[in-house]
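Taking it in order: structure first as structure tokens, then the write-up.
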There are 2 protein chains.
Amino acid sequence: MDDGCDGTPGACPVDRMFSVVGGQWTTYLIWILATDGPQRFGAFQRHLPRISTKVLTERLRMLERAGLVDRHQAATIPPQVTYSLTPRGQELHGAMNILGQIAQKWEAEGWRPEAAVLRTG
Amino acid sequence: MDDGCDGTPGACPVDRMFSVVGGQWTTYLIWILATDGPQRFGAFQRHLPRISTKVLTERLRMLERAGLVDRHQAATIPPQVTYSLTPRGQELHGAMNILGQIAQKWEAEGWRPEAAVLRTG
DNA sequence: CGGGATCCTCTTTGATACTG
DNA sequence: CAGTATCAAAGAGGATCCCG
């Protein structure tokens with residue numbers, strides 16, 4: 001019963017996972033990599049026109065440190081940097097996909113998440 | 001391929017689900033309800049000593065609007081309000097549990113999420 | 001007991017400009 | 001192209017007080 005979930009940040013395994021992928025944009029980055037394959041920095045920006053370079057960099061660095069994304073840099077001019085999912089990133093995507101499928105199933109039943117959420121904009 | 005994931009908030013089903021349960025504390029609330037059963041307002045505060053009444057109320061209201069949590073009020077004095085998981089809340093908990101299990105498996109392999117995350121505190 | 005209303009802080013984001 | 005640095009705005013979260 002007591003799983004150490006006393007509210008200390010990261011006390012729950014679920015929360016630790018969310019602390020890595022819960023940030024804004026993060027699910028999209030993983031999704032894009034999983035569905036469209038490896039991407040370059042500029043390609044992400046084209047996929048997500050409203051993300052800033054700062055945040056995009058931060059998210060990619062974090063996913064890289066978390067071992068979910070691989071960063072491959074070609075020493076050309078201009079530089080070519082390509083990001084891809086690691087096996088762990090792929091495994092995580094599969095699990096997140098389950099959440100997405102539940103969302104879609106519920107929405108087919110009339111569920112309206114937007115109505116519940118206090119969206120920030 | 002294109003699943004509508006252009007970065008507009010909530011464009012992805014996964015993101016819609018995260019918009020509901022991705023907020024801080026939310027995973028804990030669901031976890032507590034799933035493992036310890038129905039809880040009263042004050043019980044949550046005892047479980048999570050650092051949460052404020054404002055945020056706890058907000059989260060519970062949101063989970064209620066999202067149909068994941070049931071709020072039952074007894075018209076006694078003093079009032080007794082009890083929160084419980086709906087069937088959807090239970091289904092979601094099961095799916096989130098998968099993420100937690102992956103986290104635990106990876107951690108057993110040496111994965112260190114804290115090292116990756118830019119924790120806010 | 002179970003909150004609602006405020007105020008205030010701190011983090012997170014976004015915009016912009018510059019660089020190897 | 002792929003970032004870095006800086007600044008300003010926004011919003012979430014915390015603390016506090018009060019009420020039914």
Side-chain angles (χ1 to χ4, degrees), chain A residues 6-10 15 18-29 32-33 38-65 69-84 116-121, chain B residues 6-10 15 18-29 32-33 38-65 69-84 116-121:
Chain A
D6 59 352
T8 309
D15 192 62
F18 269 65
S19 71
V20 176
V21 297
Q24 208 181 355
W25 305 108
T26 315
T27 57
Y28 288 104
L29 299 180
I32 290 168
L33 287 172
Q39 302 281 320
R40 294 177 51 184
F41 193 90
F44 282 118
Q45 292 184 305
R46 261 165 267 125
H47 273 286
L48 308 172
R50 297 161 58 87
I51 198 174
S52 64
T53 66
K54 176 189 164 189
V55 173
L56 179 54
T57 303
E58 276 179 11
R59 291 292 182 276
L60 289 171
R61 292 272 182 277
M62 189 177 72
L63 290 173
E64 191 192 355
R65 283 198 304 274
V69 160
D70 229 17
R71 179 177 185 273
H72 180 258
Q73 176 160 12
T76 60
I77 296 186
Q80 298 236 124
V81 179
T82 305
Y83 295 91
S84 57
V117 180
L118 359 77
R119 263 274 159 223
T120 113
Chain B
D6 59 353
T8 308
D15 191 62
F18 268 65
S19 71
V20 177
V21 296
Q24 209 181 355
W25 304 108
T26 314
T27 58
Y28 289 105
L29 298 180
I32 290 169
L33 287 172
Q39 301 282 319
R40 294 178 51 189
F41 193 90
F44 282 119
Q45 293 184 304
R46 260 165 268 128
H47 273 287
L48 309 172
R50 297 163 57 88
I51 197 173
S52 64
T53 67
K54 175 189 165 189
V55 174
L56 178 54
T57 303
E58 274 179 11
R59 290 293 181 275
L60 289 171
R61 293 272 181 277
M62 190 177 71
L63 291 173
E64 192 191 354
R65 283 198 302 275
V69 160
D70 228 17
R71 179 177 186 272
H72 180 258
Q73 177 160 11
T76 59
I77 296 184
Q80 298 234 125
V81 179
T82 306
Y83 296 91
S84 57
V117 179
L118 0 76
R119 261 276 157 221
T120 115

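Predicted, not measured: the structure shown is a model, and the values here were computed from it. Numbers restart at 1 for each chain; the letters A, B, ... are given by sequence-line order, proteins then strands.
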From [atom1] of [X] over to [atom2] of [N], roughly how many Å is that when rounded to an integer?
{"X": "L48(B)", "N": "dG2(C)", "atom1": "CG", "atom2": "P", "result": "15 Å"}
{"X": "I51(A)", "N": "dT13(C)", "atom1": "CD1", "atom2": "P", "result": "9 Å"}
{"X": "E58(A)", "N": "dT12(C)", "atom1": "CD", "atom2": "P", "result": "9 Å"}
{"X": "L56(B)", "N": "dG4(C)", "atom1": "CG", "atom2": "C1'", "result": "13 Å"}
{"X": "Q39(B)", "N": "dG2(C)", "atom1": "CD", "atom2": "P", "result": "11 Å"}
{"X": "I77(A)", "N": "dA2(D)", "atom1": "CD1", "atom2": "P", "result": "14 Å"}
{"X": "M62(B)", "N": "dA12(D)", "atom1": "CE", "atom2": "C1'", "result": "12 Å"}
{"X": "R59(A)", "N": "dT11(C)", "atom1": "CZ", "atom2": "C1'", "result": "12 Å"}

Would you please confirm or rule out a distance under 4.0 Å between OP1 or OP2 of [N] and any side-chain N or O of [X]?
{"X": "Y83(B)", "N": "dC1(C)", "result": "no"}
{"X": "R50(A)", "N": "dT13(C)", "result": "no"}
{"X": "R40(B)", "N": "dC1(C)", "result": "no"}

Open item on the list: Classify T53(B) by what it touches in the nucleic acid, base, sugar-phosphate, or nothing, heavy-atom distance under 4.0 Å.
Closed with: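 Contact class for T53(B): base.
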Open item on the list: How close do T26(B) and V20(B) get, counting heavy atoms only, and between which atoms?
Closed with: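 That would be CG2-O, 3.8 Å.
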Task: Heavy-atom closest contact (P38(B) atom, L33(B) atom, distance) - done: CA-CD2, 4.1 Å
Taking the side chain of [X] as its heavy atoms from C-beta onward, which of [options] lies nearest to it?
{"X": "P79(B)", "options": "dG14(D), dC1(C), dG4(C)", "result": "dC1(C)"}
{"X": "R71(A)", "options": "dG3(D), dG14(C), dG13(D)", "result": "dG3(D)"}
{"X": "F41(A)", "options": "dA2(D), dT4(D), dT13(C)", "result": "dA2(D)"}
{"X": "Q24(A)", "options": "dT13(C), dT6(C), dG3(D)", "result": "dT13(C)"}

- [ ] On DNA chain C, check which nucleotide each of R61(B) and R46(B) is closest to and give me the residue with the more 5' one.
- [x] R46(B)
Task: Check: K54(A) side chain, dT13(C) base, donor-acceptor under 3.5 Å - done: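 Check passes, donor-acceptor contact within cut-off.
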Open item on the list: Whether the side chain of R59(B) engages the backbone of Q24(B) through a donor-acceptor N/O pair (distance < 3.5 Å, no angle test) should be reported.
Closed with: yes
Open item on the list: Once you measure the plane-to-plane angle for Y83(B) and F41(B), does it fall in the parallel (<30°), tilted (30-60°) or perpendicular (>60°) bin?
Closed with: tilted
Open item on the list: Measuring centre to centre across the rings, with the benzene-like ring taken for any Trp, is Y28(A) within less than 6.0 Å of F44(A)?
Closed with: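 No, they do not, as the ring centres are separated by 6.0 Å or more.
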- [ ] Select from G23(B) and Q45(A) the residue whose nearest nucleotide in DNA chain D is closer to the 5' end of that strand.
- [x]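 Whichever sits nearer the 5' end wins; that is Q45(A).
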